[in-house]
Each structure stands twice: as C-alpha cells, then as structure tokens.
Protein chains: 2
Amino acid sequence: MPNNQFKKSELYSFITGKASTAIARRLQKNFKQAGVDITIEQWSVLYHLWKEDGMSQQQLCEATFRDKPSITRLVDNLEKLKLVKRVASKDDRRINMIYLTPEASKLQEQSMELANQTLNEALEGVTNGQVEIAKEVLQRVYENLK
Amino acid sequence: MPNNQFKKSELYSFITGKASTAIARRLQKNFKQAGVDITIEQWSVLYHLWKEDGMSQQQLCEATFRDKPSITRLVDNLEKLKLVKRVASKDDRRINMIYLTPEASKLQEQSMELANQTLNEALEGVTNGQVEIAKEVLQRVYENLK
DNA sequence: TTTATGTAGTTGCATAAACAACTATATGCC
DNA sequence: GGCATATAGTTGTTTATGCAACTACATAAA
C-alpha cells in the first residue's frame, strides 16, 4: 500500500537531503572560523573514537555508516594529520585498532561545542516536540533502509 | 537561549545525515536494478529540467543547492551521456541554457516512479502526520542555514 | 594438514563536492 | 567611449564516496 505522501514539489528536498547538506556546510564553516582544521567526515570518525578509543576500522565502518574503502582513506588522512594511529591487533593480525593521539583529544571539547552550536543555529524556531518527531522519523528511515 | 535538545548520543545522526545518505544509496540501488544508469546527482539536475526545461546553470545551482563548479561538471557529464545540451543564450552570451534531449525525457516517468517507490520504502511505518512534521523541521533547518 | 570459505583492510577507477582562482561578458557610472 | 564592478561559467586541487577487485589472515571442515 503506497502512501504517496509526497507531492512532486516536496519529494526533492527529502530525497536529496538539502537539510543535512546545509548542516554539514555550516558545521564546516564553523570549524574553519574557529580554526578547527578538519573535515566533517574526519570529525565523524574522531567523534566515535572520543566515545570509545581503540576501535577497529570495521567497527568504525558500522559506527559512521561508511564503507571500508572510505574508512581506509579517512584513517589515512587522519594519520597524516597525526590525529590517530593504526595499531595492529595482536589477537588477529587482520585488524587495525585505531587510537587517538593527544592532539586529537585537544580537539574534542571545542569541536563538540561547535557541533552543538551548529545544531542550535539549525533548529532555531523549532520546538522540542517537533525535533523529537523529526528524530524519530529519521531514525526510522535509517532503520528501514540500512 | 540554547535549547541543547540533543544529548551527545543523538547528535551524530542528525549532523551527519545518516537518513539522507541511506535514502540516496537506496535510490541509487533502485536505479541500477531498474537499468536507469545515472547518478542521483545527475538525476537531481534532470528533475528540475523536467519541471522547467531550459534553465541556466546559475538557476540550476539555486534549484539543486549546489555550487557553480558542481553544476559545470554535472552538466559536462550529462552532456557526455547525451541527456542535456548546452545552448548559448542570445540575450546574454555569458549564459548557457540547458535543454533536455529526447533520451532524457524517456527517463522521466520511470525515475520519478523509482524515487516515489524509494520514499515509500524509507517511510514504511511512519504516519502521515509524523512525515508532515519532519518535512516542516527539515524545511526550517534549510531556511535557517541556507 | 590441506582446502574452502569468510573477514579485515587496501587499491584502482569514476563521480562528486568545496574552495579559490580564473576568463568572458554585461552593466552602470564618469 | 572607457573604466569599475558584478555576474556566468570554467578549471585546478584536495577530499570524499561507491563499487569492484585484490591481498592477507583466520576459521572450520575434510
């Protein structure tokens, strides 16, 4: 039973994710202005390592919803920036465990602050109740398609 | 007055747009399965030309929320695929008007059907009322940041 | 122990995005 | 007309994504 809730004029934004593009651009701009010199994608990897340091690349794939080549290259670039280190696992030599460097730890507080600030800019004029529902919908969409 | 509606554990999905990434991947997969051999980004340009054929690249920038270099290259690739043609404007020689070819017109019905189908897959189990609110929130986010 | 199969990660290639610098044309003002 | 400024589009560079093919290691079955 197709619900066809979308008129053509409304389909576009939802499909193309204009809102999340806008959020990503603003966050990148806020990072840049504050002198935080990393990309949003690099930040998304650091974000999960700040929650739990020493994840495998495979775990980072699942956490960040990215494929293996993407994580390989993000870790490459984060290593070049000296923000993470690859450490071969002793139990299983296929696995790289990824660890934060002290420099990366320094970025945590400021960048999380900037992320929160960016979300507040994004959600200006939106009520908490509306945000709750939007989050539920987006979570459900993700669960439906992942 | 910061609303700080996001606990840390919830901030990530919203910022990184996991839901719209999931939608884009599923739409791309549905295109591929159906033999529609274009990227989602190319489709997003065609989408606006189907609504109004003969837009300038600048108009396409605004409609698709992309910058000028992105549109230059998307139009390059769509031209290689023989789906659009650049036609120099006679009024203003700086402007390229972009026109659909007959081959592009053939893609319209099927691809729009696939887009609607993809949205129905995405929104399975979500009520119309919730979708309405989510759309409002995302529209407001876009307006706040664009 | 050998062989098959699965998993972790890497590499190559095509497409796309962000940003800055650039060319060409148009417009407004003196 | 001539100059300053703005607008439309292009090009170069870096970073990232998606997909397929690949290597290396692990595991389990014969």
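Reminder, nothing fancy here: chain letters follow the sequence lines and each chain counts from 1.
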Chemist: Counting any heavy atom closer than 4.0 Å, what does T39(B) reach on the DNA or RNA strands: base, sugar-phosphate only, or nothing?
Modeler: sugar-phosphate
Chemist: With a non-hydrogen cut-off below 4.0 angstrom, is D76(B) in contact with a base, only sugar-phosphate, or nothing?
Modeler: nothing
Chemist: To the nearest Å, give me how far apart CG (N77(A)) and C1' (dT11(C)) are.
Modeler: 15 Å
Chemist: Just checking L74(A): base, sugar-phosphate only, or nothing, at a heavy-atom cut-off of under 4.0 Å?
Modeler: sugar-phosphate
Chemist: State, to 0.1 Å, how close S111(A) and W43(A) come at their nearest heavy-atom pair, and which atoms those are.
Modeler: OG-NE1, 3.3 Å
Chemist: Round to the nearest Å and state the distance from E41(B) atom CD to dA14(C) atom C1'.
Modeler: 12 Å
Chemist: Is it the case that the side chains of N144(B) and R140(B) hold a donor-acceptor pair, with the cut-off being a distance below 3.5 Å and no angle test?
Modeler: yes
Chemist: According to a strict under-4.0 Å criterion, is Q57(B) in side-chain N/O contact with OP1 or OP2 of dA8(D)?
Modeler: no
Chemist: Want to settle it: does P69(A) or K29(A) sit nearer the 5' end of DNA chain C, counting the closest nucleotide to each?
Modeler: P69(A)
Chemist: Mind checking K32(A) for me? I need base, sugar-phosphate or nothing, with any heavy atom below 4.0 Å counting as a touch.
Modeler: sugar-phosphate
Chemist: By nearest heavy atom, map Q59(B) and K90(A) onto DNA chain D; which one lands nearer the 5' end?
Modeler: Q59(B)
Chemist: Hey, could you give me the OG/CG distance between S70(B) and L60(B), rounded to the nearest 0.5 Å?
Modeler: 12.0 Å
Chemist: Which is true for D92(B) with a 4.0 Å heavy-atom rule: it touches a base, it touches only sugar-phosphate, or it touches nothing?
Modeler: sugar-phosphate
Chemist: Specify the residue among S56(A) and Q42(B) whose closest nucleotide of DNA chain C lies further upstream toward the 5′ end.
Modeler: S56(A)
Chemist: Heavy atoms only, 4.0 Å cut-off, all strands: where does R73(A) land among base, sugar-phosphate and nothing?
Modeler: base
Chemist: Return the 5'-most residue of the pair R94(A), I40(A) with respect to DNA chain D, ranking by each residue's nearest nucleotide.
Modeler: I40(A)
Chemist: Looking at the side chain of R25(B), which of dG18(D), dG9(C), dC19(D) is the nearest nucleotide?
Modeler: dG18(D)
Chemist: How close or far is atom P of dA18(C) from atom CD1 of I23(A), stated in whole angstroms?
Modeler: 14 Å
Chemist: Taking all non-hydrogen atoms of both residues into account, name the closest pair between L100(A) and A104(A) and its distance.
Modeler: CD2-CB, 3.7 Å
Chemist: Once you round it to whole Å, what is the distance between C1' of dT7(C) and CG of D67(A)?
Modeler: 15 Å
Chemist: Applying a strict under-4.5 Å side-chain criterion to I, L, V, M, F, W and Y, I'd like to know whether F65(B) and Y12(A) cluster together.
Modeler: no
Chemist: Scan R93(B) against the nucleic acid and name what it touches under 4.0 Å (heavy atoms): base, sugar-phosphate only, or nothing.
Modeler: sugar-phosphate
Chemist: Across the strands shown, which category fits Q28(B) at heavy-atom distances under 4.0 angstrom: base, sugar-phosphate, nothing?
Modeler: nothing
